[in-house]
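One structure is given below, encoded as structure tokens.
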Amino acid sequence: MMTPYEPKTIEPKWQKIWDEKKAFAATDDYTKPKYYALVEFPYPSGQGLHVGHPRPYTALDIIARKRRMEGYNVLYPMGWDAFGLPTENYAIKNHIHPRIVTQRNVARFKQQLQSLGYSFDWDREINTTDPNYYHWTQWIFLKLFKAGLAYKTEMPINWCTSCKVGLANEEVVNGRCERCGAEVIRKMQTQWMLKITNYADKLIDGLDSVDFIERVKVSQKNWIGRSTGAEVDFSIEDSEDKLRIYTTRPDTIFGATYMVLSPEHPFINKYAERIQNMDEVIAYREVAAKKSDFERSELAKDKTGVELKGLRAVNPATGETIPIWTSDYVLMSYGTGAIMAVPAHDERDWEFAKKFGLPIIEVVAGGNVDEAAFTDVQTGKMVNSGFLNGLEVAEAKKSITVWLEEKGLGHAKTNYKLRDWVFSRQRYWGEPIPIVKCEHCGYVPLPEEELPLLLPEVDSYMPTDTGESPLAAMTDWVNTTCPCCGRPAKRATDTMPQWAGSSWYFLRYTDPHNEKALASPEALKYWMPVDWYNGGMEHTTLHLLYSRFWHRFLYDEGVVPCPEPYQKRTSHGMILGENGEKMSKSRGNVVNPDDIVSEFGADTLRTYEMFIGAFELAAAWSTEGVKGCRKFLERVWKLQEMLTDEEGYSAAMETRMHQTIKKVSSDFESMKFNTAIAAMMSLVNDFYRAGKVTKGEFSTLLKLLNPVAPHMTEELWEQNIGKGYVFEQSWPQYDEAKTVEQTVEIALQINGKMRGTMLIEKDAPKDEVLAKAKEALAGRLEGVSIVKEIYIPGKIVNLVVR
RNA sequence: GCGGGUAUGGCGGAAUAGGUAGACGCAACGGACUUAAAAUCCGUCGGCAGCGAUGCCGUGCCGGUUCGAGUCCGGCUACCCGCACCA
């Protein structure tokens with residue numbers, strides 16, 4: 001007698017069995033072929049799991065389960081990216097230690113994830129806030145410091161007025177804090193920095209060796225923003241000084257009719273005496289300084305500026321003197337903070353020249369520079385440019401660069417938009433920076449034996465208005481001795497940003513309990529690189545760039561065996577609310593995965609999230625759709641009643657089986673989970689139509705469906721097939737020859753218009769098919785002559801008539 | 001402005017290399033079962049015209065290539081996501 005389908009009882013049952021049998025433990029047998037599948041580890045927030053989390057987790061769980069059935073030693077781990085502001089803010093508000101808050105949130109997340117039946121190897125669980133973990137985060141920082149890639153500098157930082165913390169440029173969105181939305185202001189602060197810019201080229205070039213979806217590669221490249229051009233020295237009239245500029249268009253130098261300095265450019269102060277309108281310049285500079293980055297971009301393209309009267313430069317190509325201006329459209333932080341302005345061929349310069357009546361000289365023919373700047377570099381020939389005249393832009397670029405180098409006036413130069421990484425946070429809940437400041441020795445790294453440098457217990461982890469970390473108030477902890485000279489010294493009180501722990505976590509999974517190293521060389525050599533890494537689009541610039549940077553550095557240090565950490569990177573789309581909007585409490589459209597599990601079961605949730613639509617696109621939640629998936633699983637459950645001992649009763653069904661194995665196998669690989677499930681639904685419909693299913697067919701279906709709905713397929717296996725478990729089975733194989741139908745229906749067209757269909761033997765000769773087609777279409781062929789006959793085997797016959 | 005993406009029934013979405021548009025699911029409608037309802041099973045389901053076989057139209061818009069275009073090419077429009085004065 002068939003038992004009813006009750007996820008509530010069978011799901012916990014199987015979760016327990018998997019756990020006891022350690023069914024999904026990655027083994028340390030390094031002779032087997034390995035597969036490392038990775039999903040981004042979550043931040044264990046107080047809200048608990050969101051229905052967005054299961055989408056990527058289920059997708060890679062399917063891949064991981066399939067790989068195990070294919071004989072791989074699979075590593076599919078999970079952990080917690082648990083340092084971070086929300087926990088700290090919650091802790092402050094509720095007077096609970098962030099460590100306790102983290103423990104609670106992790107426990108809840110873990111229980112929720114386990115209720116979904118993921119095949120994570122929980123023995124390898126990691127937590128970035130565990131001293132045994134951040135020991136190695138600090139160790140990597142020391143390595144970076146010793147390699148000269150970590151340095152301290154005073155700089156204006158983005159200061160969130162609400163979080164009271166410095167933010168990286170990347171964390172500021174439209175002048176507001178990415179996290180809390182409060183206003184961000186500029187504030188001077190000394191900060192630890194990481195020289196990610198040293199790795200700009202390696203981070204771009206490394207992309208050629210990996211299999212990332214195109215838009216991820218594009219966004220990595222755009223963020224690094226490599227451009228090639230030249231630096232050129234312009235001399236100042238009546239001075240020995242040179243004013244160095246950067247340009248990507250050295251070919252247009254004959255058209256440079258003025259120069260522009262950033263308002264912060266040091267030349268302005270240096271020549272304050274000579275600048276006749278210094279008052280006006282100072283006033284302009286003050287206005288510019290007050291503008292936040294947000295205002296600068298909001299107020300858009302309306303150009304402002306002041307001429308530095310009394311100061312003129314010499315165009316090295318023409319020998320003519322040109323005026324020097326200052327304007328905030330030139331940024332101190334890019335290039336040299338100064339430009340040569342070529343209004344004929346740069347939109348910004350053109351606008352500026354138009355506004356202030358500066359001369360516009362065309363040096364590349366092809367546009368109308370009275371109407372607009374002509375910026376095309378593909379067409380067009382040089383004019384009004386002395387020895388460059390007649391050259392193409394590309395040739396002119398080479399030619400002028402050689403000329404500049406010969407004359408000692410300039411040189412080729414590559415620039416990047418990428419800036420160094422602001423690495424310190426004035427916060428409590430992060431990894432302490434393992435550096436001591438000694439008045440005699442400067443910044444001294446802690447000896448490695450002293451790691452981990454534990455986060456001290458403090459009474460108050462309230463951020464301070466002074467901008468200092470709460471750790472600064474812990475004098476017992478701050479005051480120490482210099483590891484170098486033994487004299488009194490002070491610890492760094494900043495902590496690391498949340499990005500730190502997530503920049504290397506995939507390495508720790510390979511050997512999570514190692515106390516002597518971040519992971520053993522053997523484990524790293526075997527498991528790395530990650531074979532397939534899936535995560536959100538929101539992490540395709542920062543997290544990916546930072547972790548690739550650290551990994552590449554560790555490779556250069558000989559710590560890891562491969563230059564790139566991730567062989568393949570894919571991204572999933574967001575799950576939106578039922579109304580098509582982003583899920584949020586304020587919109588009231590949040591779906592809680594716990595509710596879905598308790599009402600429909602984990603297998604239904606998993607199936608639904610895979611069936612909802614194309615994996616990489618956003619998809620709106622639909623409760624009706626969830627019901628449909630539950631109904632499908634019920635139909636699978638009831639196949640038990642149709643089991644027959646007959647085997648091979650139908651050649652057509654055998655073909656269907658081979659087709660379905662092929663379709664499901666290849667669709668899983670290309671993340672087309674929705675069509676894989678559709679194929680299984682169709683197969684089940686066929687079983688119902690036949691009114692029966694053989695044991696062989698049923699067990700094949702259970703194996704195919706197991707990665708998606710692991711609990712119910714194990715239960716059905718146990719009740720009806722018996723031997724062993726589905727997770728121990730081999731992935732079903734298909735025979736290509738048997739996927740081909742013997743009889744196929746082909747379309748009949750006249751002049752490309754559908755005029756019917758007919759059934760033919762798949763191998764029928766062309767002549768026979770055409771004859772049959774003409775017979776079928778005889779009524780329509782009267783009085784016309786056939787000009788052309790087209791037969792695409794297995795697809796279509798098209799007769800072209802007149 | 002630059003870069004990337006998307007556009008197909010009432011809805012979510014299918015459609016390896018250009019070859020039967022709408023697979024699969026949802027909703028809706030009809031039938032069977034039931035005293036009844038739910039559940040389940042079977043069926044219909046792009047639009048217009050027709051009792052009907054059938055005909056015409058139809059994949060955001062305008063053109064093109066082709067025997068044949070959702071798919072390729074040229075030109076647009078709308079929406080979404082990044083970046084945004086980077087010289």
Side-chain angles (χ1 to χ4, degrees), chain A residues 173-174 213-219 221-223 225-227 229 245-249 252 260 262 293 296-297 299-303 327-331 333-342 345-349 351-352 415-419 537-538 540-541 573-574 580 607-608 611-614 616-629 631-632 634-635 638 663 666-667 670 672 674-685 688-689 691 745-758 787-801:
Chain A
V173 178
N174 287 339
I213 50 175
E214 196 51 31
R215 55 180 168 155
V216 172
K217 284 193 182 186
V218 166
S219 69
K221 281 183 191 160
N222 288 348
W223 195 266
R226 179 161 66 189
S227 70
I245 60 98
Y246 174 72
T247 178
T248 53
R249 296 291 307 276
T252 62
V260 187
S262 158
D293 282 352
R296 278 199 188 188
S297 59
L299 299 174
K301 323 295 171 194
D302 193 25
K303 298 283 181 291
S327 169
D328 65 3
Y329 83 89
V330 174
L331 308 174
S333 51
Y334 184 79
T336 62
I339 62 156
M340 67 173 196
V342 184
H345 306 288
D346 181 280
E347 280 174 29
R348 296 150 303 183
D349 298 346
E351 274 177 46
F352 193 81
N415 262 332
Y416 305 89
K417 291 183 192 172
L418 185 68
R419 311 288 157 78
M537 272 311 288
E538 70 274 23
T540 52
T541 41
M574 255 196 304
T607 306
Y608 173 66
F611 189 62
I612 190 167
E616 67 279 8
L617 299 180
W621 188 265
S622 157
T623 303
E624 293 304 327
V626 178
K627 283 185 200 163
C629 288
K631 204 163 120 185
F632 164 60
E634 296 271 7
R635 278 166 72 81
K638 281 191 291 189
K663 173 85 178 150
S666 69
D667 280 359
S670 48
K672 289 156 89 177
N674 52 342
T675 50
I677 292 168
M680 290 188 271
M681 287 172 168
S682 286
L683 182 66
V684 170
N685 290 346
Y688 271 73
R689 233 163 268 143
E745 189 187 43
I746 65 167
L748 302 178
Q749 296 186 341
I750 293 177
N751 290 346
K753 290 218 175 233
M754 273 295 292
R755 290 298 181 232
T757 60
M758 69 178 189
V787 187
K788 199 170 175 187
E789 298 169 345
I790 294 151
Y791 172 51
I792 306 295
K795 300 274 187 189
I796 205 162
V797 169
N798 187 14
L799 302 176
V800 185
V801 303

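Chain A is the first sequence line, chain B the second, and so forth, proteins listed ahead of strands; every chain is numbered from 1. Just so it is clear, the values below take in all heavy atoms, side chains as well, and ignore hydrogens, waters and symmetry mates.
Within 4.0 Å (heavy atoms only), A:Thr757 reaches at least one base atom of the nucleic acid. Among the atoms of the strands shown, none is found under 4.0 Å from any heavy atom of A:Arg226. Looking at heavy-atom distances under 4.0 Å, A:Arg635 makes contact with sugar-phosphate atoms alone, never a base. Residue contacts shown for A:Asn222 are limited to sugar-phosphate atoms, with no base heavy atom under 4.0 Å away. Using a 4.0 Å heavy-atom distance criterion, A:Ile245 is classed as making no nucleic acid contact. A:Ala614 comes within 4.0 angstrom of the backbone, heavy atoms only, and of no base. Residue A:Lys217 is classed as having no contact, given no heavy-atom separation below 4.0 Å to the nucleic acid. Contact annotation for A:Thr248: backbone-only contact, meaning every heavy-atom pair under 4.0 Å involves sugar-phosphate atoms and none involves a base. Using a 4.0 Å heavy-atom criterion, one finds that A:Asn415 contacts no nucleic acid atom at all. Within the nucleic acid shown, A:Asp349 has no heavy atom closer than 4.0 Å to any nucleic acid atom. Counting non-hydrogen atoms under 4.0 angstrom, A:Gly628 reaches the backbone sugars and phosphates but no base.
Each of B:A27, B:A15, B:G25 was ranked by its minimum atom distance to the side chain of A:Glu624; first place goes to B:A27. If you check B:C42, B:C67, B:U20 against the side chain of A:Lys788, the one that comes closest is B:C67. Nearest nucleotide to the side chain of A:Thr675, out of B:U20, B:A14, B:G12: B:A14. Considering only side-chain atoms of A:Lys631, the nucleotide from B:G19, B:C26, B:A87 that sits closest is B:C26.
Base orientation of B:G70: anti, since the glycosidic angle falls outside 90° of 0. For B:A17, the glycosidic angle deviates from 0 by 90° or less, giving a syn base.
Shown here, B:C51 forms no base pair; nothing in the strands shown gives a Watson-Crick or G-U wobble contact with both key distances under 3.5 Å. B:A28 and B:U44 make up a base pair, with Watson-Crick or G-U wobble contacts both under 3.5 Å. Searching all strands for a Watson-Crick or G-U wobble partner of B:G3 with both distances below 3.5 Å returns B:C81. Across all strands shown, B:G22 forms no Watson-Crick or G-U wobble pair with both distances under 3.5 Å. Under the Watson-Crick and G-U wobble criteria, each requiring two contacts below 3.5 Å, nucleotide B:A17 is left unpaired. Pairing for B:A87 is absent, with no Watson-Crick or G-U wobble pair whose two atom distances lie under 3.5 Å.
Between A:Leu799 and A:Lys672, the residue anchored closer to the 5' end of RNA chain B is A:Lys672, taking for each the nucleotide with the nearest heavy atom. Projected onto RNA chain B by closest heavy-atom contact, A:Gly794 and A:Ser219 fall at different nucleotides, the more 5' of which corresponds to A:Gly794.
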Quick one, A:Glu634 with A:Lys631, criterion salt bridge (Lys or Arg N to Asp or Glu O under 4.0 Å). Give me CA distance, side-chain angles, the key distance, then yes/no.
CA-CA 5 Å; A:Glu634 296 271 7; A:Lys631 204 163 120 185; over 6 Å; no

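The separation of B:A53 from B:G58, taken at their C1' atoms, amounts to 22 Å, rounded to a whole angstrom.
A:Phe352 and A:Tyr329 have tilted rings, their planes meeting at an angle from 30° to 60° on a 0 to 90° scale.
Remark: the A:Lys303 side chain and the B:C85 base include a donor-acceptor N/O pair separated by less than 3.5 Å.
Checking the phosphate oxygens (OP1, OP2) of B:G25, a side-chain nitrogen or oxygen of A:Asn685 falls inside 4.0 Å. Distances shorter than 4.0 Å separate none of the side-chain N or O atoms of A:Tyr329 from OP1 or OP2 on B:A87.
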